[in-house]
Amino acid sequence: MTTANLNPPRTSALYRAVWRWHFFAGLIVLPFVILLAVTGAIYLFKDEINNAAYAERRFVTPARAEALAPSEITAAALAAHPGSLVAYFPPPAPDRTAEVKIEGEEGLTDTIYVNPYDGVVLGSSWDAGPSGSTPMWLVRKLHSLEYVGWWGNRIIEAVAGWTVLLVATGIYLWWPRGRKVGVLVPRRTSGRPWWRDVHAVTGIYTAGFILLLALTGLPWSGVWGKYFYDLSYAAGLGMTDGYWSTLPTSDVPAGEAMEQTPWIMEHHGMPMSGGSDGIPAALDDVVATVEAAGLHPGYEVAMPSGSTGVFTASVYPHDISQERVIHLDQYTGKVLLDLGVSDLGTLGWIAEWGVSIHMGQQFGLANQIVLLAACIAMVVMAVSAIVMWWKRRPAGSLGAPAVPSDWRIPHTVLLMAIAAGLFFPLVGLSLLVVAAIEVGLHVVRDRRTA
């Protein structure tokens with residue numbers, strides 16, 4: 001069978017067109033893929049890293065005596081670090097410290113670690129939120145590009161969409177078509193063909209996991225995430241507006257009032273306490289109420305904000321079925337809202353489930369190891385792609401795959417581009433930019449050769 005039979009003109013044109021888009025997609029996202037893979041791999045093990053690095057303030061020797069009351073623990077923390085009580089974290093296990101968040105006079109919040117058996121303060125740190133420590137907070141900010149602000153969120157969203165396009169085109173290019181290339185194991189032993197086999201074989205084994213990481217990260221994005229959020233509500237699959245319509249709500253969204261909240265609740269207004277001139281309920285009573293409700297260990301009790309604010313007890317354990325948020329009236333201590341994952345709509349539940357897997361939590365160590373392998377594979381593919389490009393790149397040229405001489409775009413590629421643009425708006429926008437550059441370069445080349 002001849003090469004022409006293996007690769008008829010139409011197939012060859014389609015292959016070159018897909019290869020060209022795969023090349024440009026990689027050129028755009030590779031630096032970000034490496035950043036996301038490295039920071040994501042580190043953040044998967046944030047709890048283990050924090051526990052090892054800060055064991056002296058996170059762990060205690062369990063005592064036979066009963067733990068002190070929450071009011072006594074918070075009083076000890078306030079005595080050592082004066083300020084306003086922001087939140088209280090009961091010890092999640094007998095050998096763990098209690099954590100107390102206090103806002104100081106300068107407006108900065110610190111986390112105070114207290115031995116729950118004797119009230120001794122074991123240390124303090126700047127409050128890093130769910131990250132648990134300043135280094136992990138930095139890793140999380142790098143992973144989400146929050147340092148770049150509005151642009152960072154859009155860049156990450158575009159990268160996620162382009163990554164999906166990379167996987168789709170990569171699977172097409174991986175198919176051997178009678179060529180002597182690595183399919184399930186690398187066949188070549190050296191040079192650019194070996195790097196090609198490493199790139200392709202690694203990609204085919206990890207394509208599903210890379211897609212999972214890209215898609216489960218999208219609910220946090222500014223454009224795609226907003227459309228998905230709106231669609232969830234429009235279809236009645238997020239959380240119905242009537243769920244707590246009997247309660248008065250404030251103008252402050254839950255996503256701003258709470259340090260962590262279910263994704264589908266972020267834009268809901270916070271419930272309000274009924275009175276405004278009563279005496280706030282005692283913290284001990286509030287903790288007793290949520291304990292009686294069976295809240296999973298590791299929960300936080302956030303203090304009310306303002307005269308109409310509420311106590312909020314929330315927990316986000318590895319087992320997503322135990323995720324829960326309870327709001328209580330700050331004066332009566334009455335439960336206003338008790339929300340679990342089972343109360344969310346289908347898309348709301350899927351989003352929470354996806355976020356938990358994305359962060360390596362849902363299936364414990366197995367989840368972490370699988371995603372760590374996926375992150376390592378992403379770095380391997382990025383590095384092998386760079387090496388391949390460098391080895392085939394003509395001196396003084398970008399080395400992009402050639403444009404078909406007749407400049408006709410195969411219908412398959414056109415449909416793929418349209419579908420990608422519709423599903424990922426920022427990918428569609430960047431595709432238009434790349435296409436405009438392509439046309440511009442083509443016009444310049446034609447004028448030079450005219």
Side-chain angles (χ1 to χ4, degrees), residues 36-37 40-41 43-47 92 129-132 140 143-144 153 156-157 160-161 163-164 167 206-241 243-244 254-255 258-268 294-300 312-326 337-375 378 423-424:
L36 291 172
Y43 203 76
L44 284 170
F45 297 91
K46 70 177 177 66
D47 291 338
S131 301
R140 181 168 180 162
H143 187 74
S144 61
N153 183 278
I156 292 298
E157 178 178 344
T163 299
V164 173
V167 171
T206 56
F209 299 108
I210 294 172
L211 282 176
L212 178 69
L213 285 170
L215 293 174
T216 54
L218 281 170
W220 286 302
S221 62
V223 178
W224 193 97
K226 182 181 183 303
Y227 284 130
F228 184 54
Y229 194 99
D230 293 341
L231 173 64
S232 299
Y233 278 107
L237 298 174
M239 188 176 75
T240 58
D241 291 330
Y243 186 84
W244 55 19
M258 299 169 60
E259 193 168 76
Q260 190 172 354
T261 183
W263 171 79
I264 203 65
M265 286 176 58
E266 288 182 349
H267 300 298
H268 268 283
L295 211 58
H296 192 281
Y299 67 87
E300 165 196 12
T312 299
S314 58
V315 64
Y316 302 89
H318 290 184
D319 180 4
I320 194 174
S321 66
Q322 299 296 319
E323 182 177 302
R324 204 161 157 197
V325 177
I326 301 177
L337 174 71
D338 186 344
L339 180 76
V341 171
S342 60
D343 297 308
L344 303 179
T346 302
L347 292 181
W349 181 88
I350 289 174
E352 289 300 296
W353 181 81
V355 166
S356 183
I357 290 181
H358 186 98
M359 298 182 69
Q361 298 177 342
Q362 182 61 27
F363 302 110
L365 182 60
N367 197 160
Q368 292 171 295
I369 291 175
V370 168
L371 293 191
L372 174 63
C375 289
M378 290 167 70
F423 193 73
F424 303 108

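Values in this document were obtained by computation on a predicted structure and should not be read as measured data.
Residues Val223 and Tyr227 are in side-chain contact: their nearest non-hydrogen atoms beyond the backbone lie under 4.5 Å apart. Asn153 is listed as a side-chain neighbour of Ser221, based on a closest heavy-atom distance under 4.5 Å. In this structure, the side chains of Thr216 and Ile357 stay at 4.5 Å or more apart for every pair of heavy atoms.
Between Ser131 and Arg140, the shortest heavy-atom distance links the atoms OG-CD, 3.5 Å. When every heavy atom of Gly40 is checked against every heavy atom of Cys375, the shortest pair comes out as C-SG, 4.3 Å. Nearest heavy-atom pair, Pro219 versus Trp224, reported as atom, atom and distance to 0.1 Å: N-CZ3, 4.1 Å. When all heavy atoms of Val325 and Met258 are compared, the closest pair comes out as CG1-CE, 3.9 Å. Here the closest non-hydrogen pair linking His143 and Leu36 is O-CD2, 2.9 Å. Taking every heavy atom of both residues into account, Asn367 and Gln361 meet most closely at OD1-N, 3.6 Å.
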request  = Could you walk me through whether Gln368 and Asp47 pass side-chain contact (heavy atoms from CB on, under 4.5 Å), step by step?
outcome  = CA-CA 11 Å; Gln368 292 171 295; Asp47 291 338; over 6 Å; no
key: Worked check of side-chain contact (heavy atoms from CB on, under 4.5 Å) between Val315 and Glu323   = CA-CA 6 Å; Val315 64; Glu323 182 177 302; 6.0 Å; no
side-chain contact (heavy atoms from CB on, under 4.5 Å) between Leu213 and His358, worked out = CA-CA 6 Å; Leu213 285 170; His358 186 98; 4.0 Å; yes
ask   = Taking it one step at a time, do Tyr316 and Thr261 satisfy side-chain contact (heavy atoms from CB on, under 4.5 Å)?
value = CA-CA 9 Å; Tyr316 302 89; Thr261 183; 4.1 Å; yes
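Distance check: Leu295 CG to Ser314 OG gives 8.0 Å after rounding to the nearest 0.5 Å. Between the CG atom of Leu218 and the CD1 atom of Ile156 there is a distance of 10.5 Å, given to the nearest 0.5 Å. Atom OG1 of Thr163 and atom CZ of Phe424 lie 9.0 Å apart (nearest 0.5 Å). The CG atom of Leu344 sits 15.0 Å away from the CH2 atom of Trp353 when rounded to the nearest 0.5 Å. The distance from atom CG of Asp338 to atom CZ of Arg324, rounded to the nearest 0.5 Å, is 4.0 Å. To the nearest 0.5 angstrom, Trp349 atom CH2 is 9.5 Å from Ser321 atom OG.
With hydrogens and angles ignored, the 3.5 Å screen pairs no side-chain donor or acceptor of Glu352 with any backbone N or O of Ile320. The backbone N or O of Gly340 lies less than 3.5 Å from a partner atom in the side chain of Asp343, making a donor-acceptor pair.
By the side chain to side chain contact (heavy atoms under 4.5 Å, CB included) test, Leu231 pairs with no residue at all, sequence neighbours left out. For Val355, the side chain to side chain contact (heavy atoms under 4.5 Å, CB included) partners are Trp220, Met359, not counting sequence neighbours.
In the displayed structure, Phe45 atom CZ is contacted under 6.0 Å by more than 12 heavy atoms of other residues, nucleotides or ligands.
Tyr43 carries Lys46 over the face of its six-membered ring, with the cationic atom under 6.0 Å from the centre and within 45° of the normal.
With respect to Ile369, the side chain to side chain contact (heavy atoms under 4.5 Å, CB included) criterion is satisfied by exactly one of Leu365, Leu371, Leu372: Leu365.
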